[in-house]
Visitor: 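Let me give you the structure first, and then I'll get to my questions.
Just so you know, these numbers use all the heavy atoms, side chains as well, and skip hydrogens, waters and symmetry mates. To find a chain, count down the sequence lines: A is the first, B the second, and so on, and within it residues start at 1. These figures come from a predicted structure and were not determined experimentally.
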Number of protein chains: 2
Amino acid sequence: MFPIGQFSKMTRLSVKALRHYHDLGLLAPDKIDPDSGYRYYKTSSLERARVIVSLKDLGFPLEEIGTILADCREDTDLLQFLETRHQDLETRLAELQARKHALEGLISTARQSREQVRLRMDEVVEKDLDPMLFAGVRMKGGYGEIGKAFSRVGRKAGFKIAGKPLGLFYDEGYRETDADFEGGFPLRKPIDDEVVDCRELEGGHAVSLIHNGPYSDCGPTYQALLTHIAEKGYTPQSPSREVYLKGPGMIFKGNPARYITEIQLLVE
Amino acid sequence: MFPIGQFSKMTRLSVKALRHYHDLGLLAPDKIDPDSGYRYYKTSSLERARVIVSLKDLGFPLEEIGTILADCREDTDLLQFLETRHQDLETRLAELQARKHALEGLISTARQSREQVRLRMDEVVEKDLDPMLFAGVRMKGGYGEIGKAFSRVGRKAGFKIAGKPLGLFYDEGYRETDADFEGGFPLRKPIDDEVVDCRELEGGHAVSLIHNGPYSDCGPTYQALLTHIAEKGYTPQSPSREVYLKGPGMIFKGNPARYITEIQLLVE
DNA sequence: GCTAAGACCTCCCGTAAGGGGAGAGTCAAT
DNA sequence: ATTGACTCTCCCCTTACGGGAGGTCTTAGC
């Protein structure tokens, strides 16, 4: 017969836990001194304690452990319980995995946004764009809706995202409503999905200009690009691209006056 | 200005939750009627609510959401928080995965034990054993220690376990202490581990006898086997094998009087 | 003006599995 | 007899709210 402290060491259950199990009727002491109220445990109770610990390690709630101890004598009796537990676990795991992917997507984009952009501003630049793997969602509506596309792709692609959010605009000019555009991300690896369209985006020669400030006043920036194109005798290709070097995040919107957008037009 | 019920629908947060966030100072109403105590929210608070929901979905505790809301203005500010959260998640996931493997191991052995053994008892049988993939832990000590080997292999091999626990006994005769033996399981797929030895176990012609009851009285069963071998003029090979068709489980010990063990001796 | 419905308020209790600590009693050895 | 280590009960605390009691407020209809 051991007092609770000793039994605690033998079972690696805390004294508090042992008292708690006593309250629940899960593991009653073998004797209680009527005068002092001291709990005393026999060696034979070690076996029951061991079973409790095993079941606890498997994630069973104490109450269920109680019914298991009452009903089961052999491992085979446990099968139903084990299978239910396994199901629960699969569900929990799937949730956590989803959460993990979401986190990884956020981290990857946040990391890239942190790398400060040091680019010539307010000056048209010509560059050659490489083809890239891209996943996007195309939609019609107001430009403000593009955030939905990003978050949808973000959820699916998670840590496969390889760069900043990219917008593709298929209309000829500016459209207040019912615009035709696509939002998405460059990817490291292709994904297969029903909603998200994953494909190779063509490269080529392009003119590019960095726009500072809210999206609403990017009209002049487009004008500057088109002027440059006209001077050079190029022909602009559709869709135009906007790279959101710094824009509203997935969580915080940030300050629109500090948004930085690179506008790219492929030319011939 | 919307009363709490309306705001609740707009944010998809329960009224109780909104009141709770008010208590925590996480999302205070924009106005409180001094007479009635009614909470009223502005449209501009929707944004803050949205951020809270997003962070909650990522698994942040409310208190941390509070500090995030106080400190962060843009997604990049979140990076540290996101990374910490990701770490936590990895840890939790690893735990759950381990738990899942343990469960799968238990389920697989319990399923097999459930299939009732219908075998000729108390009668020596000759059979040809197939080679099998086996993972075991070899040890010296009392026979009672073999359970440790099983649980160790069980934890590592999980759902790759393909059959009942198997004991290999390398000593010539019975040994009270300091016996040399190995406990393990047949596997479906090989595993690579430092502690667990995984290899092909040879097959061959064998004599076999089913033993009923506790391990302590398996002496006569061995005697019967050896007698049979002598009659036939065979030579027994080492190690002898014991297949624990029904024995103490991983969780419950069950009743030793109902244990069923098949003893196998490879012969030449 | 009266009443009823529905929305809202505060306050309290409960969750799972104990942990922390207060204040008091007990055990074993010196 | 006195320490010091152990143990007892009782109460509060943790997360993120949910349930419910009992009371107040607003609004619509008569």
Visitor: Round to a whole Å and report the spacing from CD1 of B/I65 to P of D/dA16.
Guide: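 The answer, rounded to whole Å, is 8 Å.
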Visitor: Of the options D/dC10, C/dA17, D/dG19, whose atoms approach the side-chain atoms of A/K16 most closely?
Guide: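 The nucleotide sitting nearest to the side chain is D/dC10.
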Visitor: Heavy atoms from C-beta onward define the side chain here; which of D/dG18, D/dA16, C/dT26 lies closest to that of A/S36?
Guide: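 Nearest nucleotide to the side chain: C/dT26.
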Visitor: Can you measure B/K9 atom NZ to C/dC8 atom P for me and round it to whole angstrom units?
Guide: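 Whole-Å distance recorded here is 8 Å.
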Visitor: Are B/E145 and B/K140 ion-paired here, with the side-chain N under 4.0 Å from a carboxylate O?
Guide: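 No.
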Visitor: Taking CD1 from B/I4 and C1' from D/dC25, how many angstroms apart are they, rounded to a whole number?
Guide: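 It is 15 Å, rounded to the nearest whole Å.
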Visitor: At 4.0 Å (heavy atoms only), tell me whether B/Y21 reaches a base, stays on the sugar-phosphate, or touches nothing.
Guide: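 Answer is sugar-phosphate: B/Y21 comes under 4.0 Å of backbone atoms only.
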Visitor: Does the pair A/E83 and B/R111 meet the rule for a salt bridge (charged side-chain N to carboxylate O under 4.0 Å, His left out), with working shown?
Guide: CA-CA 10 Å; A/E83 281 165 353; B/R111 279 219 184 103; 2.9 Å; yes
Visitor: Looking at the side chain of B/P3, which of C/dC8, D/dC17, D/dT15 is the nearest nucleotide?
Guide: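 The closest nucleotide is C/dC8.
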Visitor: Do A/F185 and A/F150 make the cut of ring centroids closer than 6.0 angstrom?
Guide: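 Distance test on ring centres: under 6.0 Å, yes.
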Visitor: When the distance from CZ of B/R39 to C1' of D/dT26 is rounded to whole Å, what number comes out?
Guide: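 That distance rounds to 17 Å.
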Visitor: Please report, rounded to the nearest Å, how far the C1' atom of C/dC8 is from the CD atom of B/Q6.
Guide: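 The distance from CD of B/Q6 to C1' of C/dC8 comes to 13 Å, rounded to the nearest Å.
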Visitor: Within this structure, what is the CG-to-C1' distance between B/D23 and C/dC9, rounded to whole angstrom?
Guide: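 Going from CG in B/D23 over to C1' in C/dC9 covers 12 Å.
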Visitor: Select one nucleotide: of C/dG18, C/dA7, C/dT26, the one nearest the side-chain heavy atoms of B/Y38.
Guide: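 The closest nucleotide is C/dA7.
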Visitor: In terms of side-chain heavy atoms of A/R19, which of D/dT7, C/dG18, D/dC17 is nearest?
Guide: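 Nearest listed nucleotide: D/dT7.
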Visitor: Rounded to whole angstrom units, what separation is found between the CZ atom of B/R12 and the C1' atom of D/dA16?
Guide: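 In whole Å, D/dA16 C1' lies 20 Å from B/R12 CZ.
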Visitor: Students often mix this up, so state it plainly: with edges at 30° and 60°, are the rings of B/Y143 and B/F181 parallel, tilted or perpendicular?
Guide: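 Tilted, since the angle between the ring planes falls between 30° and 60°.
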Visitor: Taking only the side-chain nitrogens and oxygens of A/S14, find out if one of them lies under 4.0 Å from OP1 or OP2 of C/dG18.
Guide: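 No.
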